[in-house]
Amino acid sequence: MGRRTGRTRQDGVEQVVDLGMAELRPDPQRPTGVTLLVDGVPQSYVDRTDPTYLHFDYVRRIASVVDAVAPAGAPLRVLHLGGGALTLPRYVAATRPGSAQLVVERDAALVELVGRTLPLPAGHDVRIRVGHARDVVDWLADGPFDLVVGDVYRGARLAGGVGTASFATGLRRILAPDGVYTLNVTDLPPLVLSRVQAATLRAAYGDVCVVAARTMLRGRRYGNVVLAAAAAAGRLPVDRLVRAALRDPVPGIVLHGPSLDDFTAHTHPSPD
């Protein structure tokens with residue numbers, strides 16, 4: 001399960017994990033909040049007492065997809081590619097009791113650290129499988145999943161193989177006919193990676209949209225872009241995503257249809 005070499009400090013916990021140095025840093029502004037960093041890069045934020053509190057705006061945008069894909073409170077079958085501190089599995093368990101969730105996380109030592117210091121609440125149905133996201137998806141017999149969440153990073157870089165055309169197409173095998181795949185992309189102006197990922201998903205799915213902060217889509221800063229894709233045309237709850245983006249403390253924009261055409265113009269899907 002990796003090395004437990006580390007130390008508990010007054011201001012948090014540091015431990016060497018399989019893919020770097022993990023730190024659990026308390027939030028000085030919120031006594032119950034903890035940020036997980038790996039090699040100094042923030043990966044997750046967890047409120048120990050309120051799993052519905054989502055600190056990062058991109059996590060709230062993914063959560064807006066979770067909220068919109070089915071009636072409120074209805075349980076879902078969810079596959080999480082990338083675990084971190086399990087922020088989104090906690091959110092799904094709290095807002096959709098009875099959901100069956102599978103988390104794929106590459107770093108076994110990180111899984112042990114999070115399980116020991118930030119345990120999941122009692123009564124959850126969350127399984128964790130250690131492995132590479134692409135390998136697990138290729139061999140996975142589970143499914144169909146109502147929702148697949150892709151947030152697979154090594155530091156600030158998207159994990160290799162997850163952003164390719166074949167991976168996007170292969171996910172359809174384990175998605176329910178009306179299932180949705182949502183992907184977090186970290187990018188910087190002029191958003192080349194986000195445009196390529198949007199084009200990649202459009203080549204594999206019948207309905208795709210992009211959600212991000214206004215300042216992000218206007219090319220003003222480094223940050224996160226969230227994509228959502230469904231196999232069936234017209235399946236995405238775009239109106240609900242638009243309303244959620246407008247209500248967010250960091251207002252967002254949803255690109256869909258003609259606006260997404262403009263965003264992906266002259267962009268080709270990612271090759272293998």
Arg240 with Asp67: basic N within carboxylate O range, under 4.0 Å: no
Go through the steps to decide whether Cys209 and Leu241 satisfy the test side-chain contact (heavy atoms from CB on, under 4.5 Å), and finish with yes or no. CA-CA 9 Å; Cys209 73; Leu241 296 177; 3.8 Å; yes
Any donor-acceptor pair under 3.5 Å from Arg127 side chain to Val104 backbone: no
Return yes if some donor-acceptor pair links the side-chain N/O of Ser259 with the main-chain N/O of His256 below 3.5 Å, else return no. yes
Please walk me through it: do Phe167 and Leu81 pass side-chain contact (heavy atoms from CB on, under 4.5 Å)? CA-CA 12 Å; Phe167 184 80; Leu81 303 177; 3.7 Å; yes
Would you mind reporting whether Asp27 and Val34 have side-chain heavy atoms less than 4.5 Å apart? no
Connected via hydrophobic side-chain network under 4.5 Å: Leu147 and Leu175: no
Side chains of Leu36 and Leu110 in contact at under 4.5 Å (non-hydrogen atoms): yes
Exercise: do Arg134 and Thr164 side chains pair donor with acceptor under 3.5 Å: yes
If you group Ile, Leu, Val, Met, Phe, Trp and Tyr by side-chain heavy-atom gaps below 4.5 Å, do Leu88 and Val250 land in one group? no
Honestly curious: do Phe145 and Val136 fall in one hydrophobic cluster under the side-chain, below-4.5 Å linking rule? yes
So, Thr49 versus Asp47: side-chain donor-acceptor pair below 3.5 Å or not? yes
Do side-chain atoms of Glu23 reach the backbone of Arg25 as a donor and acceptor pair under 3.5 angstrom? no
Distance, nearest 0.5 Å, that separates CG of Asp262 from CZ of Arg195: 10.0 Å
Closest non-hydrogen atom pair, Leu246 against Gly252: CD2-O, 4.1 Å
Arg60/Asp248 ion pair, N-O < 4.0 Å: yes
If you define the side chain from C-beta out and look only at heavy atoms, does anything of Leu79 sit under 4.5 Å from Val149? no
Between Ile62 and Tyr91, is a side-chain contact (heavy atoms from CB on, under 4.5 Å) present by the stated rule, with each step listed? CA-CA 11 Å; Ile62 296 175; Tyr91 179 83; over 6 Å; no
Pair Met21-Val17, side-chain contact (heavy atoms from CB on, under 4.5 Å): steps then yes or no: CA-CA 6 Å; Met21 174 63 77; Val17 292; over 6 Å; no
To the nearest 0.5 angstrom, please state how far the CG atom of Leu54 sits from the OG atom of Ser64. 10.0 Å
Once rounded to the nearest 0.5 Å, what's the spacing between atom CZ of Phe56 and atom CD of Gln43? 9.0 Å
Taking the side chain as every heavy atom from C-beta outward, state whether Leu113 and Thr117 have any atom pair closer than 4.5 Å. yes
Only one of Asp57, Asp151, Asp187, Asn184 clears side chain to side chain donor-acceptor pair (under 3.5 Å) with Asn224; which? Asn184
Considering non-hydrogen atoms only, spot the tightest contact between Asp18 and Ala109 and give its length. OD2-N, 3.2 Å
Considering only heavy atoms from C-beta outward, does the side chain of Val148 approach that of Val78 to under 4.5 Å? no
Taking every heavy atom of Asp207 against every heavy atom of Ala232, the minimum-distance pair comes out as CB-O, 3.5 Å
Val46, Val111: one ILVMFWY side-chain cluster at the under-4.5 Å cut-off? yes
Answer yes if Leu171 and Leu201 sit in the same cluster of Ile, Leu, Val, Met, Phe, Trp and Tyr residues linked by side chain heavy atoms under 4.5 Å apart, and no otherwise. yes
Output for pair (Arg96 CZ, Arg77 CZ), nearest 0.5 Å, gives 15.5 Å
Please give me the minimum heavy-atom distance between Leu140 and Arg129, naming the atom from each residue. CD1-NH1, 3.4 Å
Residues Ala70 and Leu76: closest non-hydrogen pair is CB-CD2, 3.7 Å
Parallel, tilted or perpendicular for Tyr53 and His55, by the 30°/60° rule? tilted
Between Ser44 (side chain only) and Ala85 (backbone N and O only), is there a donor and an acceptor less than 3.5 Å apart? yes
Are side-chain heavy atoms of Arg221 and Leu188 found at a separation under 4.5 Å? no
Non-hydrogen side-chain atoms of Gln101 and His80 separated by less than 4.5 Å: yes
Sub-3.5 Å donor-acceptor pair from the side chain of Arg61 to the main-chain atoms of Leu227, do we have one? no
Rounded to the nearest 0.5 Å, what separation is found between the OH atom of Tyr181 and the CD1 atom of Ile174? 10.0 Å
So which heavy atom on Arg202 is nearest to which on Gly257, and how close? NH2-O, 4.0 Å
Contact between Thr32 and Asp50 at the side-chain level, heavy atoms closer than 4.5 Å - yes or no? no
Side-chain donor/acceptor of Arg106 to backbone N/O of His132, under 3.5 Å: no
